[in-house]
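Below: one structure, written as structure tokens.
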Amino acid sequence: MDPDKIAAVEALLFASDKPLSIDKISEVLDTTKGEVTDVLKHLQTIYGKKTRGVQLYKIAGGYQLLTKPHLEKYLKRLCTHSFNYSLSRACLETLAIILYKQPITRADIEGIRGVNAETALKSLIEKNLVKEVGRLDAPGRPILYATTKECLNYLGIDSLNDLPKIDSKQPSTASTNLGGF
Amino acid sequence: MNYLVKIDIFEGPFDLLFHLIEKEEVDIYDIPIAKITDQYLNYIKQLKTLDLEVASEFLVLAATLLEIKSKMLLPQKKKISNEAKAEDIDPRFELVERLLEYKMFKEIAEILKEKEKHRKKLFSGNNKQMEQIYERTNHPLKNVSISTLIDIFNSLQKKAKHNQNNVKVVQKEKITISKQIKHIIKKLTPRKILNFDELFVKKPTKLEKIVTFLAVLELIKKEKIVVYQKKNCGKIKILLKIPHSKREVAYGSR
């Protein structure tokens with residue numbers, strides 16, 4: 001493996017503020033995707049060592065250098081920003097529905113939750129976790145909502161496939177499946 | 001206000017119903033509708049004074065529960081054949097389906113919460129993206145609960161009621177622009193030139209000043225007077241404009 005390539009990939013990951021896809025890295029370094037994959041694997045083993053504070057995470061369809069979870073306590077002391085914020089239950093429930101049923105209209109979200117979802121939706125859109133993706137070809141042409149890439153990053157998952165599987169036709173079995181997750 | 005605290009706990013009618021079912025430790029497929037409906041109605045009675053959209057959402061499910069309850073009290077018309085499906089015979093079927101779907105997403109929401117919590121432990125060298133998400137949450141009303149707002153609203157209503165008994169009669173304005181125009185012309189005619197202050201006999205009220213000033217503007221528009229001011233905030237001089245016909249008389253024709 002070319003040491004320069006390894007260094008370059010590490011530099012890109014270090015400098016980027018969002019996950020980088022293999023496509024993007026290979027494009028920037030003018031190399032094959034195969035080589036990038038090899039370099040990433042190599043980096044992953046290096047970061048796996050106990051002496052390293054960062055790890056390579058596969059998030060939102062790309063790779064990102066993030067600190068290891070057990071170091072949180074130190075980083076929190078360093079951080080001037082308060083990271084205490086978390087989504088409200090209403091937002092989490094709304095987000096859960098959108099994640100699985102997207103694209104979905106507000107009316108359908110409200111049908112499942114039994115409550116008005118306007119505030120929750122607004123808040124999710126404001127945070128760029130959810131966006132409008134068009135309109136349903138039905139009376140009133142209601143707006144359709146879907147999750148964003150930032151949403152995957154926010155949850156620290158690579159793709160929607162990483163969410164627990166559900167069977168929409170048999171919700172009862174789905175819920176038991178979730179128990180083991 | 002005790003009931004407000006209770007509302008806060010539930011994310012809507014399904015959440016409440018779910019809580020009741022779990023509390024009773026009954027099978028979700030065999031809900032004792034009469035009992036649960038009573039408990040549900042007892043709960044939303046506490047909502048009575050809170051006439052908001054929230055209450056209506058809870059009432060929709062209350063109506064559904066009562067409908068199911070009445071259906072279950074009625075005897076089945078036909079004898080059920082062995083092939084009949086659960087949805088044909090049990091009026092609770094649809095509700096249970098919806099409840100289960102809600103339950104599923106409620107559980108997923110919990111999983112998402114865990115993921116969110118875990119993700120927050122990981123820091124990137126450049127935390128801008130995450131920071132943006134956090135920063136957008138600095139809402140001015142972030143720490144204000146719904147109960148605080150309701151308390152404020154209630155106290156305002158009390159105040160409003162109190163004020164209703166304290167009616168004041170608003171006097172009709174005695175000064176009008178047309179009156180002031182006549183007044184200005186009358187004062188100006190013998191002297192031809194006046195300070196704006198001299199239009200008032202005694203110390204004028206704010207309204208008097210405003211109306212008089214408007215009257216002056218009106219007279220300028222009608223080209224009856226000319227107004228000038230030597231410097232900013234200086235005295236405003238008002239001159240009577242001599243109409244063309246009279247001017248000829250005054251200066252004499254050529």
Side-chain angles (χ1 to χ4, degrees), chain A residues 13-18 54-55 57 59 64-72 75 78-79 81-97 99-100 110-116 123 126-129 150 153-157 163-164 166 168 171-172 174-175 178-179 181, chain B residues 7-18 28-29 52-54 56-58 60-61 64 95-139 142 146:
Chain A
L13 290 166
F14 171 74
S16 174
D17 61 342
K18 56 187 175 198
V54 291
Q55 180 56 280
Y57 289 90
I59 281 177
Q64 191 168 16
L65 270 188
L66 297 171
T67 59
K68 290 182 179 174
H70 69 277
L71 301 171
E72 183 204 10
L75 288 152
L78 179 74
C79 242
H81 283 265
S82 154
F83 286 93
N84 292 330
Y85 172 78
S86 52
L87 291 175
S88 69
R89 248 187 84 192
C91 281
L92 282 170
E93 282 182 14
T94 306
L95 189 62
I97 294 167
L99 275 168
Y100 283 86
E110 288 171 350
I112 293 170
R113 286 192 61 223
V115 273
N116 188 303
S123 167
E126 227 167 64
K127 293 178 180 65
N128 204 16
L129 300 175
E150 280 78 9
N153 193 351
Y154 185 77
L155 298 170
I157 55 173
L163 292 168
I166 61 159
S168 54
S172 50
S175 49
L178 291 181
F181 189 82
Chain B
I7 295 167
D8 267 359
I9 307 170
F10 301 106
E11 274 301 327
F14 285 133
D15 206 18
L16 167 61
L17 188 58
F18 219 80
I28 192 158
Y29 288 102
L52 291 173
E53 207 176 326
V54 184
S56 66
E57 284 160 349
F58 281 88
V60 172
L61 186 60
T64 312
L95 179 71
V96 171
E97 285 282 284
R98 288 191 66 185
L99 258 179
L100 286 174
E101 191 176 32
Y102 174 71
K103 185 189 176 207
M104 181 179 75
F105 284 113
K106 199 180 142 175
E107 284 165 356
I108 291 168
E110 285 302 313
I111 295 169
L112 295 185
K113 200 179 175 68
E114 283 306 307
K115 289 195 179 293
E116 176 191 45
K117 202 173 140 194
H118 185 258
R119 174 66 180 88
K120 246 187 290 175
K121 291 180 182 171
L122 316 177
F123 292 73
S124 76
N126 193 338
N127 244 325
K128 253 183 207 154
Q129 202 180 16
M130 293 313 257
E131 267 173 32
Q132 268 176 4
I133 289 171
Y134 299 121
E135 268 166 22
R136 280 176 194 157
T137 60
N138 282 336
H139 196 276
K142 205 166 127 192
I146 182 88

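Letters A, B, ... mirror the listed sequences (proteins, then strands); counts begin at 1.
Shortest non-hydrogen contact noted between A:Ala96 and B:Ala109 is CB-N, 4.1 Å.
If you measure heavy-atom distances from A:Ile112 to chain B, the contacts under 4.5 Å come from both the backbone and the side chain. If you measure heavy-atom distances from A:Leu13 to chain B, you find no contacts under 4.5 Å at all.
A side-chain donor-acceptor contact under 3.5 Å links B:Glu57 to the backbone of A:Asn116. Although no hydrogens or angles enter the test, the distance criterion places no donor-acceptor pair under 3.5 Å between the side chain of A:Arg113 and the main chain of B:Asp15.
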A:Asn153 and B:Arg119: side chain to side chain contact (heavy atoms under 4.5 Å, CB included), yes or no, with the steps? CA-CA 8 Å; A:Asn153 193 351; B:Arg119 174 66 180 88; 2.9 Å; yes
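Here the side chains of A:Ser86 and B:Lys120 are in contact, with some heavy-atom distance below 4.5 Å. For the pair A:Gln55 and B:Leu122, the minimum side-chain heavy-atom distance is 4.5 Å or more. Using a 4.5 Å cut-off on side-chain heavy atoms (C-beta onward), B:Ile108 and A:Ile166 make contact. Counting only heavy atoms from C-beta outward, the side chains of B:Lys115 and A:Tyr154 never approach each other to under 4.5 Å. The side-chain heavy atoms of A:Leu75 and B:Lys121, taken from C-beta on, include no pair separated by under 4.5 Å. Looking at heavy atoms from C-beta onward, A:Leu99 lies in side-chain contact with B:Leu112 at the 4.5 angstrom threshold.
Atom CE of B:Met104 and atom CD1 of A:Ile97 lie 8.5 Å apart (nearest 0.5 Å).
B:Glu110 is linked by a side-chain contact (heavy atoms from CB on, under 4.5 Å) to B:Lys113, counting only residues two or more places apart in sequence or in another chain.
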